[in-house]
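First up is the structure itself, then whatever we jot down about it.
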Amino acid sequence: RKEFVDLYVNYVFNESVQKPFEDFKKGFLRGCPAGSWKMLLPVELQIVLQGHTEYDWKLLEKNVMYRQYGISDQTIRNFWTVFHKLPEEKKKKFLAFLTGSDRIPAYIQENFTFIIEDPKVKNPDEFYPSANTCYHILVLPR
């Protein structure tokens, strides 16, 4: 019985999926050459492919650039006060709103920047904040 179970498990988990897996691997490696990935640990590879899952929100605040705003403007101070009080999940949703992804790419975490810009509208109360995800610009009415 043990030999039968061992052979059956080997067939189900290895032999029966070998051809489909080889086809998948061939297609995957055509689009994502993995030769240099061998030097990465699994955790490092996951960060490269998916981005960081841990955030330094204070570093993010430090790296922001402002257009038509100063760092001491009341709107900016209010924004950061509210932002830092948000739960982690809402901060990630903000990041998704701003960039299109709730993760910061692995290669730019320390240098990730975005811009907060004043749209210079006549009546700012009639406008909602908006984002340009391609250029990481948050348009924040006063």
(request) Using the six-membered ring wherever Trp is involved, compare the ring planes of Phe97 and Phe94 and label them parallel, tilted or perpendicular (cut-offs 30° and 60°). (result) tilted
(request) State, with a plain yes or no, whether a side-chain heavy atom of Asp56 is found less than 4.5 Å away from one of Lys62. (result) no
(request) Measure the shortest side-chain to side-chain distance between Lys19 and Asp23 over non-hydrogen atoms and say whether it is less than 4.5 angstrom. (result) yes
(message) Please find the pair of heavy atoms, one from Asn10 and one from Glu15, that lie closest to each other, and give the distance.
(response) ND2-OE2, 2.9 Å
(message) Please check: side-chain N/O of Tyr135 versus main-chain N/O of Phe114, any donor-acceptor pairing under 3.5 Å?
(response) no
(message) What's the separation between atom CG in Leu59 and atom OG1 in Thr113, rounded to the nearest 0.5 Å?
(response) 10.5 Å
(message) Within the structure provided, determine whether His84 and Lys58 are in side-chain contact (heavy-atom separation under 4.5 Å).
(response) yes
(message) Give me the atom names and distance for the closest heavy-atom approach of Val139 to Pro141.
(response) O-CD, 3.5 Å
(message) Are Phe13 and Val5 connected into the same hydrophobic cluster when the rule is that any two of I, L, V, M, F, W, Y join if their side-chain heavy atoms are below 4.5 Å apart?
(response) yes
(message) Please check if the number of heavy atoms outside Ile71 that lie under 6.0 Å from its CD1 is greater than 12.
(response) no
(message) Let's go through Leu138 and Ile116 carefully: what are the C-alpha distance in whole Å and the side-chain angles of both, what is the deciding distance for side-chain contact (heavy atoms from CB on, under 4.5 Å) to 0.1 Å, and is it a yes or a no?
(response) CA-CA 5 Å; Leu138 174 66; Ile116 298 179; 4.2 Å; yes
(request) Verify the distance criterion only: is there a donor paired with an acceptor across the side chains of Asn78 and Gln74 at less than 3.5 Å? (result) yes
(message) Students often mix this up, so state it plainly: with edges at 30° and 60°, are the rings of Phe4 and Tyr8 parallel, tilted or perpendicular?
(response) parallel
(message) Less than 4.0 angstrom from a charged side-chain N to a carboxylate O is my criterion; do Arg142 and Asp73 meet it?
(response) yes
(request) Decide yes or no for Glu117 and Tyr69: does some side-chain heavy atom of the first lie under 4.5 Å from some side-chain heavy atom of the second? (result) no
(message) Could you check whether any side-chain heavy atom of Lys91 comes within less than 4.5 Å of a side-chain heavy atom of Tyr55, counting everything from C-beta outward?
(response) no
(request) Could you tell me whether the side chain of Trp80 reaches within less than 4.5 Å of the side chain of Val64, counting heavy atoms only? (result) yes
(request) For residues Ser16 and Pro20, report the shortest heavy-atom separation together with the two atoms involved. (result) O-CD, 4.0 Å
(request) Report the distance from atom CE of Met65 to atom NE2 of His136, rounding to the nearest 0.5 Å. (result) 11.0 Å
(request) List the steps and the verdict of side-chain contact (heavy atoms from CB on, under 4.5 Å) for Asp6 and Glu3. (result) CA-CA 5 Å; Asp6 289 343; Glu3 181 183 6; 5.7 Å; no
(message) With a 4.0 Å cut-off on N to O distance, would you call Asp102 and Lys93 a salt bridge?
(response) no
(message) Is there a path of hydrophobic side-chain contacts, each under 4.5 Å between heavy atoms of I/L/V/M/F/W/Y residues, joining Phe83 to Ile76?
(response) yes
(message) Take a 6.0 Å sphere around OH of Tyr66 and say whether it holds more than 12 heavy atoms from other residues, nucleotides or ligands.
(response) yes
(message) Looking at every heavy atom in both Leu140 and Pro129, which two are closest together, and how far apart are they?
(response) CD1-CG, 3.9 Å
(message) Does any part of the side chain of Phe112, heavy atoms only, come nearer than 4.5 Å to the side chain of Leu95, both counted from C-beta?
(response) yes
(request) Can you see which heavy atom on Thr81 is nearest to which on Arg77, and at what distance? (result) OG1-O, 2.8 Å
